Amino acid sequence: MKMYITSDSWPFYEQRDGSLTDDPDPDRADLGWDSVGQMMEWDEDAREATLEERKWAARCRYNARAWIEEE
């Protein structure tokens with residue numbers, strides 16, 4: 001799954017239908033785009049994420065879900 005980063009460092013994940021969501025699981029997403037092209041029209045500085053950014057986003061998701069489960 002490809003991941004993109006907006007100019008404000010927000011991660012978006014490309015879904016099978018070409019849409020982008022702010023969570024790899026579209027059922028958990030709060031934000032989204034219909035396509036990469038739509039996102040790029042809004043934010044011309046968005047780009048595909050690096051491996052380090054992908055790892056960072058995965059750690060953030062893991063920590064957030066662990067924190068929620070503790071409550």
Side-chain angles (χ1 to χ4, degrees):
M1 172 179 288
K2 284 187 177 181
M3 184 177 114
Y4 293 86
I5 301 289
T6 58
S7 60
D8 62 352
S9 300
W10 203 263
F12 285 89
Y13 304 86
E14 188 172 21
Q15 302 299 321
R16 289 182 184 202
D17 65 359
S19 66
L20 299 172
T21 59
D22 67 346
D23 192 287
D25 180 350
D27 293 331
R28 292 182 170 196
D30 294 319
L31 300 171
W33 301 99
D34 293 334
S35 67
V36 173
Q38 184 185 51
M39 180 185 66
M40 296 302 287
E41 286 178 20
W42 177 81
D43 185 351
E44 64 186 25
D45 294 324
R47 58 184 171 67
E48 191 168 344
T50 65
L51 179 57
E52 287 304 312
E53 289 167 328
R54 293 174 61 81
K55 289 178 182 179
W56 170 80
R59 283 191 304 272
C60 288
R61 284 192 316 277
Y62 174 82
N63 290 337
R65 289 179 182 151
W67 180 75
I68 289 169
E69 290 174 4
E70 288 179 8
E71 292 186 343

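Since the structure is predicted, the reported quantities are computational estimates derived from the model, not experimental observations.
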side-chain hydrogen bond (donor to acceptor under 3.5 Å, both in side chains) filter on Tyr13, not counting sequence neighbours, yields Arg61
All heavy atoms of Asp45 vs all of Ser7, minimum pair found to be CB-CB, 3.8 Å
inquiry  = Test of understanding: clusters of I, L, V, M, F, W, Y form through side-chain heavy atoms closer than 4.5 Å, transitively. Do Trp10 and Trp56 belong to the same one?
reply    = no
### Message
I'd like to know if the side chain of Glu48 and the backbone of Ile5 have a donor-acceptor N/O pair within less than 3.5 Å.
### Response
no
Problem set entry | Beyond-backbone contact of Trp33 with Tyr4, side-chain heavy atoms, under 4.5 angstrom | no
Sorted by chain and residue number, the salt bridge (Lys or Arg N to Asp or Glu O under 4.0 Å) partners of Glu53 (sequence neighbours excluded) come out as Arg47
Note to self: Within the 4.5 Å heavy-atom criterion, are Tyr62 and Arg59 side-chain neighbours or not?
What the structure shows: no
Rounded to the nearest 0.5 angstrom, the CD-CD distance for Gln38 and Glu41 is 7.0 Å
Closest heavy-atom pair, Gln15 versus Pro24, reported as atoms and distance to 0.1 Å, is NE2-O, 3.2 Å
### Message
Please evaluate residues Met1 and Arg16 with respect to the criterion side-chain contact (heavy atoms from CB on, under 4.5 Å), reporting the C-alpha separation (whole Å), side-chain torsions for both, the decisive distance (0.1 Å), and the verdict.
### Response
CA-CA 8 Å; Met1 172 179 288; Arg16 289 182 184 202; over 6 Å; no
**Q.** Hydrophobic cluster identity match, Met3 and Leu31, side-chain contacts under 4.5 Å
**A.** no
Are the side chains of Ser19 and Asp34 in contact, using a 4.5 Å heavy-atom criterion? no
Tightest non-hydrogen contact, residues Met39 and Ala46, listed as CE-CB, 3.8 Å
d(Thr6 OG1, Met40 CE) to nearest 0.5 Å is 11.0 Å
